[in-house]
Amino acid sequence: MKVRTLILGAGAAGLFCAAHAGRDVLVVDHAKRAGEKIRISGGGRCNFTNMDVSAKNFLSQNIHFCKSALARYTPWDFIGLVSAYGIDWHEKTLGQLFCDNSAKDIVNMLVTEAEKAGAKLWLETEIVEVRRIDRFIVSLRRNGKDITVEADHLVVATGGKSIPKMGATGLAYQIAEQFGLAVTDTRAALVPFTFSDSRFAEVSGIALPVLARAATGPAFAEALLCTHRGLSGPAMLQVSSYWTSGEAVDIDLIPTIDLTETLRKARSTDPRKSVTTILARVLPSRLVDHLTAEFDLSGNCAEWSDGRIENLRLALSHWQVKPTGTEGYRTAEVTLGGVDTDGLSSTTMEAKTVDGLYFIGESVDVTGWLGGYNFQWAWASAHAAGTAIANRA
Ligand SMILES: Cc1cc2nc3c(=O)[nH]c(=O)nc-3n(C[C@H](O)[C@H](O)[C@H](O)COP(=O)(O)OP(=O)(O)OC[C@H]3O[C@@H](n4cnc5c(N)ncnc54)[C@H](O)[C@@H]3O)c2cc1C
């Protein structure tokens, strides 16, 4: 069987590329349903983009690589498409756009767009082997039968390694290496932190706004969530993308609280109250109990000197925790790293050394922050590759 374009992976990037890649496109995927990650994303409502997207929201060895594709397919282009399909959406926080109804609306929209463009979709199809002799020759196994597909263009959109249970494999990296392209180190990102002891079990369920940062990278003003296994919540997921094993995470537990003012005032208004009682007015009381194991919070307000108050303010605004690790690919929202952008064209996503071979979406070493950035990269990189293929002679 011969096609003009074969797309491996019917996830966010693969489906969107199929809608733009012109005639004679076949999309194959081993999953039972297309766009499974979209379906579960954003708690079932899909945070499909962010109103404020720029290169600063991404991690990559070459931070400039993503700029061209992101500039040519913007959040407003995708919002226009979503609105044209009558899918209602809302901004939740920090520019993050979610479906009002269900993430399934986005999956249905993408499948419809691909079908409207004439693309064929083969699910439950195993990719056995990829070769290239003039054209790409891909061996597939479908319904118990071996099928060979020849294609002029091969788009690899099989994503990263996160959530293997949902069908994630490292296939994109294998194909890249097979064709002589470099792959950067990969690891789980946007993932909860774990600790060797169960120190956070007693405070599990507590959530509070914090300002958190790893040793490198920006500070994130988002929520922290304590869990039985460790620390999670948007702030920790964001920090995990910048964290290196063995490092401490710096957490400001009081980013919006003037602790100095609170405790100094309490010295005159509540001199006989314990400092822990005053702290429990501004922080969750179970967290205050937990902190007494780490810090000396004994004594009444009247006993606390300015110096002691200042030391506590510093300690709580730079709370240092050293995770043992992360929950890994089992729960990670994305894979950090991927196909080295040095080997790809930033305008078309085509491999510089292999004519007709494209990598898009999460498979590429472009990893977004939490907040709709990863889907925007999937749409933008897929659009770049798709339109380039459609325009080829
Ligand atoms: C729980 C969760 C929630 C998320 N929520 C959001 C969110 O709200 N907003 C956001 O921007 N991002 C979110 N993300 C990240 C986002 O889902 C991914 O960045 C995005 O799906 C990447 O798109 P992709 O097409 O490159 O890869 P994928 O969507 O992962 O698609 C890859 C496809 O390739 C197929 N495949 C893989 N290996 C093979 C193989 N060997 N043979 C055949 N087929 C194969 C898979 O079955 C899959 O269909 C979330 C991720 C997770 C895990």
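Treat the numbers as computed from the prediction; the structure is a model and nothing was measured. All ligand and atom numbering here is 1-based and tracks the order in the structure.
The side-chain contact (heavy atoms from CB on, under 4.5 Å) test applied to A117 returns no partner, not counting sequence neighbours. Here R141 pairs with E126, V128, D146 under the side-chain contact (heavy atoms from CB on, under 4.5 Å) rule; sequence neighbours left out.
The closest protein non-hydrogen atom to atom 50 (C) of ligand 1 is E333 OE1, 3.6 Å. Nearest to atom 31 (O) of ligand 1 among the protein's heavy atoms is G11 CA, 3.3 Å. In terms of protein heavy atoms, atom 5 (N) of ligand 1 is closest to S41 CB, 3.2 Å. Distance from atom 1 (C) of ligand 1 to its nearest protein heavy atom, with residue and atom name: I40 CD1, 3.5 Å. When hydrogens are left out, the protein atom nearest atom 33 (C) of ligand 1 is D29 OD2, 3.5 Å; that is the closest non-hydrogen contact. Here the heavy atom of the protein found nearest to atom 16 (C) of ligand 1 is F375 CE2, 3.6 Å.
Close approach of ligand 1 to G361 is summarised as follows: ligand atoms under 4.0 Å from at least one heavy atom of the residue are 26 (O). The contact set between ligand 1 and A12, taken as ligand atoms under 4.0 Å from a residue heavy atom, comprises 23 (O), 25 (O), 29 (O). Those atoms of ligand 1 with a heavy atom of N374 less than 4.0 angstrom away are 11 (O), 12 (N), 19 (O). Every atom of ligand 1 is numbered from 1 in the order shown, and the set under 4.0 Å from a heavy atom of A157 is 32 (C), 33 (C), 34 (O).
Annotation: H30 places an N or O atom under 3.5 Å from an N or O atom of ligand 1; distance criterion only. For ligand 1, one of its N or O atoms has an N or O atom of G42 under 3.5 Å away.
With atom 18 (C) of ligand 1 as the reference point, the heavy atom nearest to it among E126, R33, E362 is part of E362. Comparing I163, T169, T125 by heavy-atom distance to atom 38 (N) of ligand 1, the nearest is T169. When the heavy atoms of V366, N50, I127, L140 are ranked by distance to atom 42 (N) of ligand 1, first place goes to I127. Nearest-residue assignment for atom 27 (O) of ligand 1 (options A31, G159, A10; heavy-atom criterion): G159. Of the candidates V27, T367, V28, N47, it is N47 that places a heavy atom closest to atom 9 (N) of ligand 1.
Scanning all heavy atoms of the two residues, the minimum distance from P218 to R213 falls at O-CB, 3.7 Å.
Contacts with ligand 1 closer than 4.0 Å are made by no heavy atom of S162, backbone or side chain. Here Y373 has backbone heavy atoms under 4.0 Å from ligand 1, and that is the only part of it that gets that close. With a heavy-atom cut-off of 4.0 Å, T158 touches ligand 1 through backbone and side chain alike.
Linking Ile, Leu, Val, Met, Phe, Trp and Tyr residues whenever their side-chain heavy atoms come within less than 4.5 Å leaves W243 and V191 in two separate clusters. Hydrophobic clustering (side-chain heavy atoms under 4.5 Å, transitive across Ile, Leu, Val, Met, Phe, Trp, Tyr) groups F295 together with V288.
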(request) Begin with the C-alpha distance, continue with both residues' side-chain angles, and end with the deciding distance and a verdict on side chain to side chain donor-acceptor pair (under 3.5 Å) for R72 and S68. (result) CA-CA 6 Å; R72 285 177 297 128; S68 168; 3.2 Å; yes
(request) Could you walk me through whether K265 and D258 pass salt bridge (charged side-chain N to carboxylate O under 4.0 Å, His left out), step by step? (result) CA-CA 11 Å; K265 209 165 141 198; D258 186 342; over 6 Å; no
(message) If you apply the rule salt bridge (charged side-chain N to carboxylate O under 4.0 Å, His left out), what do you find for R135 with D152, and how did you get there?
(response) CA-CA 5 Å; R135 315 175 82 211; D152 297 320; 2.9 Å; yes
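Ring geometry, F78 versus W379: the interplanar angle falls under 30°, so the pair is classed parallel (tilted spans 30 to 60°).
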